[in-house]
Each structure stands twice: as structure tokens, then as C-alpha cells.
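Reviewing the structure listed below.
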Amino acid sequence: MFSASWCRACAAMKPALAAAGPGFEVIDVDANPDAVRAFRVSALPTLVRMAGSRETARASGARDVSGLRRFRDEGR
């Protein structure tokens with residue numbers, strides 16, 4: 001998940017990310033501008049689902065635990 005410390009929606013998702021289980025990496029946009037450019041992130045929070053080095057799904061906006069798990073497992 002692309003996130004920032006100043007993003008309220010990102011902060012609100014932290015408990016849901018912890019509860020959703022493994023499979024999520026949080027990338028701080030302020031500390032990783034090259035990743036932001038490479039993935040063309042324009043909104044926060046942004047989830048990018050990867051299979052190897054290939055992007056298979058993308059979503060922006062806050063999600064609850066079930067939404068995070070659905071994105072991780074099904075890409076939607």
C-alpha cells in the first residue's frame with residue numbers, strides 16, 4: 001500500500017492492515033519518490049497487487065479488513 005504519514009485515510013487503515021494478515025507492504029510515498037513515479041501513484045492510499053514483477057490489480061481509497069483481504073486474494 002502506498003501511504004503517507006500525513007494521509008488521514010492511510011492512518012485510518014492501519015488497524016485494518018494489521019488485522020488483514022500478511023501479504024501487504026506499506027510504502028511511504030515521501031521516503032520513496034522513485035517508487036511513486038514508477039507505479040504512477042496519484043492518490044492515497046493506493047493498493048497495487050503484484051504477481052512476481054507484474055501488476056495484476058490496483059485500487060485507491062480506504063478499505064476495511066474484508067476489503068483488504070478481498071483485494072489481496074482476488075484483486076478486487
Side-chain polar contacts of residues 50-57 - donor-acceptor pairs under 3.5 angstrom, sequence neighbours left out - could you list them?
from, atom 1, to, atom 2, distance (Å)
Glu55, OE1, Arg58, NH2, 2.9
Glu55, OE2, Arg58, NE, 3.0
Thr56, OG1, Arg49, O, 3.3

Would you kindly confirm whether [X] and [Y] end up in one hydrophobic cluster when ILVMFWY residues are joined by side chain heavy atoms under 4.5 Å apart?
X	Y	result
Leu47	Val41	no
Met13	Val26	yes
Met1	Leu68	yes

Pairing residues for [X] by the side-chain hydrogen bond (donor to acceptor under 3.5 Å, both in side chains) criterion, not counting sequence neighbours:
X	answer
Ser3	none
Asp64	Ser66
Arg8	none

Going by ring pair (Phe, Tyr, Trp, His ring centres under 6.0 Å), name the pairs with one or both residues in [range], residues two or more places apart or in two chains.
range	answer
residues 12-60	Phe2-Phe39
residues 57-76	none
residues 40-66	none

Of all pairs that satisfy salt bridge (Lys or Arg N to Asp or Glu O under 4.0 Å), the ones with a partner from residues 27-46, not counting sequence neighbours
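As it turns out, the salt bridge (Lys or Arg N to Asp or Glu O under 4.0 Å) pairs with a partner in residues 27-46, which skip direct neighbours, are Asp34-Arg37.
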
If the condition is side chain to side chain contact (heavy atoms under 4.5 Å, CB included), which residues does Ala12 pass it with, not counting sequence neighbours?
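For Ala12, no residue satisfies side chain to side chain contact (heavy atoms under 4.5 Å, CB included) once neighbours in sequence are set aside.
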
Using side chain to side chain contact (heavy atoms under 4.5 Å, CB included) as the criterion, list what pairs up with Ala19, not counting sequence neighbours.
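Result, side chain to side chain contact (heavy atoms under 4.5 Å, CB included) vs Ala19: Val65.
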
Salt bridge (charged side-chain N to carboxylate O under 4.0 Å, His left out) involving Glu25 - partner list, sequence neighbours excluded:
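Partners of Glu25 under the salt bridge (charged side-chain N to carboxylate O under 4.0 Å, His left out) test: none.
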
Backbone of Ala20 reached by a side-chain donor or acceptor of Arg72 within 3.5 Å:
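The answer is yes, because a donor-acceptor pair under 3.5 Å joins these two groups.
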
Where is the tightest heavy-atom contact between Arg63 and Gly67, given as atom of each residue plus distance?
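That would be NH1-O, 3.5 Å.
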
Considering only heavy atoms from C-beta outward, does the side chain of Pro45 approach that of Ser60 to under 4.5 Å?
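Not in contact.
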
